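In what follows, a single structure is set out as C-alpha cells and then discussed.
Keep in mind that this is a model prediction, so the values were computed, not measured. Atom set for the values below is all heavy atoms of this structure, side chains included, hydrogens, waters and symmetry mates excluded.
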Amino acid sequence: EWKRNGYCPSTQIGMMGGWLDAWGLHRTRSGIAPMAWSGMSMAIGSTMPGIASDEDVRSLRTLPVADADRMYLHLMIAHHRAGVEMAATALKVGVRSPVDSFASSIVTSQRAEIRTMTEMLRLRTSTPG
C-alpha cells in the first residue's frame, strides 16, 4: 500500500533530504544530537529509534525461515512504531506545512502497516488446530 501512496522508504528519505536542502539546513550537524529539535533523547552518534542492529539483521540470514519471519516482523513493528513516534512528534512541534502533511501520512500508513504485521505475527505464532 505504501507504494501506491508514493511513499517508499527511498522516496521518503529523498523528500526529507530535499526539504532540508531547500531550507538550508544540514542533514547532520557536528555536536548536535539526532532529533534534537523533537526533544527525544538520543545520544550523539546513536542510531535512529527503531533501527535494527547489524547483529539482528545478520541473524535473519542464519535463523530457520519460520523464526526469521517472526523476528523480521518484530523488528519491522519496532521500526514502524518509532516512525510513528517521530512523525507524531513533528506534528506536535508544528514544523512546516509540507512536513505536517507528510508526517500525518506517515502516522496513518505506519499504523496500518503495524496492524497488518501484528496480524501476520499472530498467525505465525498461533498454534494450529
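Judged by distance alone, with hydrogens and angles left aside, the side-chain atoms of S104 form no donor-acceptor pair with the main-chain N or O of S101 at under 3.5 Å. With hydrogens and angles disregarded, no donor-acceptor distance shorter than 3.5 Å links the side chain of R81 to the backbone of I77.
Closest approach of R124 to R70, counting heavy atoms only: O-NH1, 3.4 Å. Listed here is the closest heavy atom pair of V107 and A87: CG2-CB, 3.7 Å. For L60 against L75, the heavy-atom pair with the smallest separation is CD1-CD1, 4.3 Å. Residue G50 comes nearest to H79 through the heavy atom pair O-ND1, 3.1 Å, listed as atom of the first residue, atom of the second, then distance. Shortest non-hydrogen contact noted between S59 and D56 is OG-O, 2.7 Å.
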Item checked: Residues V84, I106; criterion side-chain contact (heavy atoms from CB on, under 4.5 Å); working and verdict -> CA-CA 7 Å; V84 167; I106 287 175; 5.6 Å; no
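For R58 and E55, the salt-bridge test fails: no basic side-chain N is under 4.0 Å from an acidic carboxylate O.
Under the 4.5 Å side-chain heavy-atom criterion for ILVMFWY residues, no single connected hydrophobic cluster contains both V57 and Y72.
Applying the side-chain hydrogen bond (donor to acceptor under 3.5 Å, both in side chains) rule to T62 yields no partners; only residues at least two apart in sequence or on another chain are considered.
How far CD1 of I114 is from CG of L121: 12.5 Å, rounded to the nearest 0.5 Å. Taking OG1 of T116 as the start and CE of M76 as the end, the distance is 12.0 Å to the nearest 0.5 Å.
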